[in-house]
Amino acid sequence: KKDGYLYLPGNYDYLGVEDYQEEEIEYLLDEAQKHADIVLADFGSIPHSAAWYVGMQASSIRCFVTNADHQHRTAAMMEFIKHLDLNPSDFFMIANRQAQDGVLTAKELAEEIGMDLLIEFPAFQMTTGLTMDLGKRENQQLEEKIRHLLVGLGYEHENTKRGFSR
């Protein structure tokens with residue numbers, strides 16, 4: 001338990017990630033769904049792992065974290081997912097560590113690949129822990145995007161103010 005959330009720590013070891021079988025990942029997801037309304041799962045970027053494969057099949061919302069400097073890698077991954085009967089339009093792009101001097105902007109990359117840009121994070125220095133040290137603007141943008149997702153999933157109701165939907 002960290003910051004009030006239950007989580008299963010990820011495995012950053014390329015060899016260790018292959019220790020999981022598809023049935024184990026399915027079991028973990030089933031158990032998590034018994035105890036939570038929403039389950040967030042980071043299945044990493046190792047497409048030959050059971051976690052990644054099961055995650056791609058089981059997810060109702062798929063996000064792809066990248067940055068515009070990884071244009072060729074992102075395009076290759078989106079070509080790969082077609083073997084799972086998925087398309088780039090099935091993913092939301094989260095642009096991470098977006099530098100100001102990049103060749104492409106995050107929006108341009110998302111359009112080129114065929115994804116919707118969910119949110120763009122600027123380059124920042126990560127400290128310890130599970131939280132990102134974002135500024136007030138980035139936190140507000142993130143909260144707004146998450147609220148829209150929750151409304152779309154039916155977990156929150158759209159707020160209205162003075163007759164206008166927000």
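These values consider heavy atoms only, across backbone and side chains, with no hydrogens, waters or symmetry-generated copies. Heads up: numbering here begins at 1 and tracks the sequence.
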Taking every non-hydrogen atom, the tightest pair across [X] and [Y]:
X: Leu117; Y: Ala95; answer: CD1-CB, 4.1 Å
X: Leu84; Y: Met56; answer: CD1-CB, 3.9 Å
X: Cys63; Y: Ile94; answer: CB-CD1, 3.8 Å
X: Glu108; Y: Leu104; answer: OE1-CA, 3.5 Å
X: Pro88; Y: Met115; answer: O-CG, 3.2 Å

Could you state the interatomic distance from [atom1] ([X]) to [atom2] ([Y]), rounded to the nearest 0.5 Å?
X: Lys82; Y: Asp90; atom1: NZ; atom2: CG; value: 11.0 Å
X: Ile61; Y: Leu118; atom1: CD1; atom2: CG; value: 9.0 Å
X: Ser59; Y: Leu29; atom1: OG; atom2: CG; value: 7.5 Å
X: Thr105; Y: Glu120; atom1: OG1; atom2: CD; value: 7.0 Å
X: Asp116; Y: Phe91; atom1: CG; atom2: CZ; value: 12.5 Å
X: Glu111; Y: Met93; atom1: CD; atom2: CE; value: 10.0 Å

Is the number of heavy atoms from other residues, nucleotides or ligands within 6.0 Å of CZ (Arg62) greater than 12?
yes
side-chain contact (heavy atoms from CB on, under 4.5 Å) between Thr74 and Phe64, worked out = CA-CA 9 Å; Thr74 302; Phe64 190 83; 3.6 Å; yes
* Charged N-O contact under 4.0 Å between Glu31 and Lys34 -> yes
Handout entry: Short side-chain to backbone donor-acceptor contact, Asn87 and Ser89, under 3.5 Å
Key = no
Take Phe92 and Ile119 through the test side-chain contact (heavy atoms from CB on, under 4.5 Å) and record every step on the way to the result.
CA-CA 9 Å; Phe92 290 105; Ile119 195 163; over 6 Å; no
Would you indicate whether the side-chain heavy atoms of Thr66 and Arg73 approach each other to under 4.5 Å? no
